[in-house]
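So you know, we letter chains A, B, ... as the sequences are listed, proteins then strands, and number each from 1.
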Amino acid sequence: MNLLGYFRAQRNKNTASVAKERLQILVARERAQRGGPDYLPALQEELLLVIRRYVEVDQDAVQIQVDREGDCEILELNITLPDHQQGR
Amino acid sequence: MGKIVVVTSGKGGVGKTTSSAALATGLARAGHRTVVVDFDVGLRNLDLVMGCERRVVYDFVNVINGDANLNQALIRDKRVDGLYVLAASQTRDKDALTSEGVERVLDELRDQFDYVVCDSPAGIERGALMAMYFADDAIVVTNPEVSSVRDSDRVLGILSSKSRRAEQGGEPVKEHLLLTRYSPDRVKRGEMLSLEDVGEILSIDLLGVIPESQAVLNASNAGIPVILEDESDAGQAYADGVARFLGQERPLRFTDIPRKGFFGRLFGS
Ligand SMILES: Nc1ncnc2c1ncn2[C@@H]1O[C@H](COP(=O)(O)OP(=O)(O)OP(=O)(O)O)[C@@H](O)[C@H]1O
Ligand SMILES: [Mg+2]
């Protein structure tokens, strides 16, 4: 590899791994939502609104997914609070 | 009873039509009676890639509507025995492909052919869903690029929940990954997702890797399925894919940078 090529490689070194990481997160989330009940997105929106009455959280702070175990459906709810919780 | 093979992707322009033409031609060349069907209503293109655009008289929608029978609409390839094309309609009516109509025509094709290769339109609208619904096998064409991989994953979700096989609770549609427009040197430089990256995310069987190649454009300019260009890298990569589809083992080719000589190493990048 010549010098120019070396610098070019340095600059772009991480774009593919950034792409992979973003995809892994996104695909995992979309798979979790897939096949779930139709009301999940609306439920997620409303939960976000309620939580935001008390804590300022990010758009993606509420994660919902439905797991099935036999006949049983489990609604899993994950809420990420910010580092410094500030009530309103 | 023939097999229905859909070539699909979600994202547009990733190489579905190129791949449909190549794979269908390869299957026919291996001695299997094969028809390749263009599902891209309104944007007929398969006929151009197959080089039979001047011989289209009747199309898929004509057959569905009963304006023509199948034998009138099937175009026989002049280069490869047992290879036929069914062109898409150029109508702007997106509802022209009715579920009953598509089912009836596919059933009839399945009686006559070993393989019915369906070239899906882009997107996840009616035409694409229709092409996927009846499939036994799905070839998911993916470029090593974020939006293509994401769309492929969505398409895999549809295949496993909304296909006929899924709805009837039978054996699931067999899914194959075809990675196209692959540039080993860009992967090496860390600018492009690698074959391993894409495989890890989608986790389905790898049918083949088709390199980014000038041969594809040359072949489509001439109306020749690229697999007939035996000397070309892309043609050979498609031939390997067909062999794997038929159950043979083939090592991957064209996924590494060609070794450079001494001067290449000194002056190349
Ligand atoms: N391996 C390749 N190397 C270089 N160019 C390619 C390769 N595969 C496809 N192309 C080019 O990419 C373009 C799109 O290909 P093609 O029409 O097969 O995609 P498509 O998925 O069918 O598109 P659409 O979604 O619009 O139907 C064409 O110009 C084709 O020549
Ligand atoms: Mg196409």
Side-chain angles (χ1 to χ4, degrees), chain A residues 1-48 58-78 80, chain B residues 10-11 124 140 142-163 166-167 169 172 175 177 179 181-204 255 257 259-269:
Chain A
M1 194 182 281
N2 64 22
L3 218 53
L4 205 74
Y6 177 77
F7 285 121
R8 208 182 316 142
Q10 285 302 302
R11 194 177 60 227
N12 293 323
K13 200 170 72 187
N14 289 319
T15 66
S17 48
V18 171
K20 181 182 180 188
E21 230 177 271
R22 290 173 60 215
L23 268 170
Q24 281 174 319
I25 294 167
L26 178 65
V27 161
R29 187 196 304 171
E30 288 181 344
R31 280 182 193 162
Q33 285 167 358
R34 205 177 282 161
D38 292 340
Y39 59 74
L40 276 191
L43 176 60
Q44 182 163 358
E45 273 301 310
E46 281 184 52
L47 281 169
L48 187 65
D58 284 342
Q59 189 69 34
D60 60 358
V62 178
Q63 298 295 333
I64 321 187
Q65 82 181 64
V66 176
D67 286 328
R68 278 180 202 84
E69 275 176 30
D71 289 345
C72 202
E73 284 198 332
I74 300 165
L75 184 69
E76 193 182 309
L77 188 59
N78 240 309
T80 316
Chain B
K11 187 168 160 69
I124 46 175
V140 181
T142 308
N143 291 168
E145 174 265 320
V146 280
S147 52
S148 174
V149 175
R150 178 211 211 161
D151 287 357
S152 291
D153 193 67
R154 294 190 64 190
V155 157
L156 288 169
I158 293 171
L159 285 164
S160 65
S161 65
K162 298 216 165 74
S163 62
E167 282 180 1
E175 302 158 341
L177 172 63
L179 198 55
R181 312 202 68 162
Y182 197 71
S183 300
D185 55 332
R186 300 186 63 192
V187 172
K188 181 87 175 211
R189 290 202 298 266
E191 301 168 3
M192 183 182 266
L193 288 165
S194 72
L195 139 73
E196 290 79 12
D197 293 341
V198 180
E200 200 181 310
I201 291 164
L202 296 179
S203 56
I204 54 171
T255 52
I257 311 175
R259 282 226 189 116
K260 286 188 181 139
F262 177 69
F263 285 102
R265 276 205 298 279
L266 262 188
F267 300 112
S269 59

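Applying the side-chain hydrogen bond (donor to acceptor under 3.5 Å, both in side chains) test to B:E196 and every residue at least two apart in sequence or in another chain returns B:S194.
Taking all atoms of both residues into account, the shortest heavy-atom contact from A:L26 to B:R150 is CD2-NE, 3.4 Å. Counting all heavy atoms, side chain and backbone alike, B:V146 lies closest to A:A19 at CG1-CB, 3.6 Å.
To the nearest 0.5 Å, the span separating CD on A:E21 from CD1 on B:I201 amounts to 10.5 Å. To the nearest 0.5 Å, the span separating CG on B:L193 from NZ on A:K20 amounts to 9.0 Å. One finds the CZ atom of B:R186 at 8.5 Å from the OG1 atom of A:T15 (value rounded to the nearest 0.5 Å).
Proximity to chain A among residues 152-162 of chain B is limited to B:D153, B:R154, B:G157, judged by heavy-atom separations below 4.5 angstrom.
The neighbour count for A:R22 CZ, taken as heavy atoms of other residues, nucleotides or ligands under 6.0 Å away, does not exceed 12.
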